[in-house]
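Source: prediction; values computed, not measured. Quick note on labels: first sequence line is chain A, next is B, and so on, each numbered from 1.
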2 protein chains.
Amino acid sequence: MTTLKELSVVLGLSVSTISKALNDSTEISVSTKMKVQRFAFSYGYRPNPTAQNLKLGRTRVIGVIIPNVIDEFFAMVLHGIEEEASNLQYKVLISISNDDQKKEESALISMVNGSVDGVLLSLAKETQGLENIAHVNNFTTGRIPMVLFDRVHQQLRNDTITVDDFDGAYKATKYLMDTGCTNIAFLSTITKTSVSEMRKEGYVQAMHLEAACRCDPTIIEINHYDLFEDILITAMQSQRIDAILAADELSAVRTINLLQSNGFKIPDDIAVIGFTNGQMAQYSNPPLTTVSQHAEKIGEEAVKVLVKRILNPNYKKPIHRVIKTEMLVRRSTKGEKTLT
Amino acid sequence: MTTLKELSVVLGLSVSTISKALNDSTEISVSTKMKVQRFAFSYGYRPNPTAQNLKLGRTRVIGVIIPNVIDEFFAMVLHGIEEEASNLQYKVLISISNDDQKKEESALISMVNGSVDGVLLSLAKETQGLENIAHVNNFTTGRIPMVLFDRVHQQLRNDTITVDDFDGAYKATKYLMDTGCTNIAFLSTITKTSVSEMRKEGYVQAMHLEAACRCDPTIIEINHYDLFEDILITAMQSQRIDAILAADELSAVRTINLLQSNGFKIPDDIAVIGFTNGQMAQYSNPPLTTVSQHAEKIGEEAVKVLVKRILNPNYKKPIHRVIKTEMLVRRSTKGEKTLT
DNA sequence: TTGTAGGCGTTATCAG
DNA sequence: CTGATAACGCCTACAA
């Protein structure tokens, strides 16, 4: 690694002159600027970012803490984050909480001491269930900017990027009704997350306000993946159900596959709608009607807001952006078939 | 952010004493160590990592450059990387190349100047096709340790973590034969990657050496996702095929779904085997028989090797680890059904 | 237009 | 056992 000092020796100029020349300062004559820049380039000189960071008090790094990276939703958000950060010349430091609060906390601690200029956080399942979110507040408040996305918490007064989950679920439920379904169930494997709750509420509201019939809401909650088939099939047998709104992509696809294995026809016997528009949704059989949250856009917006906050630390008022959902109709539901 | 200097003022001790006390140096008396440590803790003091990095010439950050994070394989590798890095007290800086060489290069450049202590790289599709891998060599050789994983390149003399793709494909092909398939095709959408080539070779070899019949290898290559259905169905119609070995998870699942939509029965008409054991494979209908590469383990090993290299920069000989594949038999193939 | 000096927060060497 | 001093590599008043 060549340093300014080395260049200065070779070029017979002072370190500060070199530094200014490389930073295109007006103090330096054009001719020496040219000379220095050429030379530095040919030498493959690159400023040591650590030294710059120390001097300038910033890192140009954004810290990201997400529950996991396997779910396509989070993978897509991460993709959006990386892309926008890259555009804005920021690097991305990632930590995966595994939905574990301890890990989330330690990630936060390690980030919030000058490792990063700001944090993007989507809360662990464990954290969302709790009333106590001290571990988030403690290490954050008044230190560095933090933007929460998707999995947020009422008590946290940070900027947020969320999805209109209520609305998305409401419309999806209504769509099922409009296409002739009368006994619609809501299924969630991500219970206790803010997003699941919002979706449930949207569903429940729609059932109350829109249902021409008298059908009560049916909530199927599955807290362990191994129980998925048992619980689902039991529910199907004990109740009359002709449509399922699943709170996430994987559940929706599993629902389709399990029901088909058990002799149900999709969408004729049961219509299915999920959340998240990933590969699973697109390439399932039949392709899944889904509520897209525009995951990449969420990531993109989160970065934009965070960077704005980084550049403008005085602005106090929390920013709340809500990304509109969009229902993509495919063949897991009856009615018009606009997409394939 | 409190600093050593601030502590020194409050405690009436010199900066260096504080520093030593916090680092538990034997030079300092137990009593003052206690005093200083307690105090620093209550003050919420945390050393500024940037300053430490500058002083100590390391970052405790590992840079990761991957083609994408949407494919479950890479998502799982990333998960493994994050976990192991976290265990070893390293942070993870991530860059997504999008299979684009330019992006890969700029990520490499930005990392290889002291932003990270070492790099984990899986080559972009674009890069693998080329003979010219100068952009990788240039910014890397002799600078910081780099470990390639999965998508590697012959001409790069780095450490590598790879999968025994040849063997995995060979065995999968043989398994298809053993369960009564005679016209086995190989399908790839990731042509020109090293992994796809190895898998193809494993398949071809098995066809030559193991086939009781005279069946020639059939290679179906799909370079654009939109053409998937066309090419697949055309191939099915023009040739007699009773089994497909797909080079990745998504292709395998799409194959199953498309074939079923076109009236084929899986596995009775066509057996299908894929690569990667992710959610898609587990929850497809029927569940996919697949060659697991132990993606998390790849990530884990990559970190281990890299850290070893970081801690031991003198050791010159390249390390090459090969992770064994494992075939998980599910219901997309005939024969024994060991898993569900 | 160029150079000098100081400092960002730490750690390490060497005196005291 | 404690403290002054220098140094990591860079930037930036201020001086020349």
Sugar-phosphate only, base, or nothing, as touched by B:Leu4 at under 4.0 Å among non-hydrogen atoms: base
First encountered from the 5' end of DNA chain D, between A:Lys5 and A:Glu27: A:Lys5
Qualifying residue for side chain to side chain contact (heavy atoms under 4.5 Å, CB included) with B:Val36, from B:Thr17, B:Ile28, B:Leu11: B:Leu11
Exercise: do A:Ser110 and B:Lys91 side chains pair donor with acceptor under 3.5 Å: no
Matching residue for A:His135 among A:Lys102, A:Glu105, A:Glu104 - test: side chain to side chain donor-acceptor pair (under 3.5 Å): A:Glu104
Interatomic distance, B:Ile28 CD1 vs C:dG16 C1' [rounded to whole Å]: 14 Å
Partner of A:Asp159 under salt bridge (charged side-chain N to carboxylate O under 4.0 Å, His left out), chosen from A:Lys317, A:Lys304, A:Arg309: A:Arg309
Test item: A:Asn48 side-chain N/O and A:Thr50 main-chain N/O as donor-acceptor pair under 3.5 Å: yes
Touch class at under 4.0 angstrom, heavy-atom based, for B:Thr17 against every strand present: base
Contact residues, residues 54-62 of chain B to DNA chain D [heavy atom, < 4.0 Å]: B:Leu54, B:Lys55
Minimum heavy-atom distance A:Val163-A:Val322, with the two atoms named: C-CG1, 4.0 Å
Test side chain to side chain donor-acceptor pair (under 3.5 Å) applied to A:Ser194 and A:Gln154, A:His153, A:Gln128, the passing residue: A:Gln128
Distance-only donor-acceptor test, A:Ser16 side-chain atoms vs C:dT4 base atoms, 3.5 Å: yes
B:Asn23 side chain near C:dT11 phosphate (N/O to OP1/OP2, under 4.0 Å): yes
C:dT11 OP1/OP2 closer than 4.0 Å to side-chain N/O of B:Ser19: yes
B:Ile18 CD1 to C:dT11 P, straight-line distance once rounded to whole Å: 12 Å
A:Asp117 side chain vs A:Thr59 backbone, donor-acceptor pair below 3.5 Å: yes
B:Thr50 side chain near C:dC8 phosphate (N/O to OP1/OP2, under 4.0 Å): no
First and last nucleotide of DNA chain D, 5' to 3', lying under 4.0 Å from heavy atoms of chain A: D:dC8 to D:dC14
Minimum heavy-atom distance between B:Leu78 and A:Ile94, given as atom pair plus value: CD2-CD1, 4.5 Å
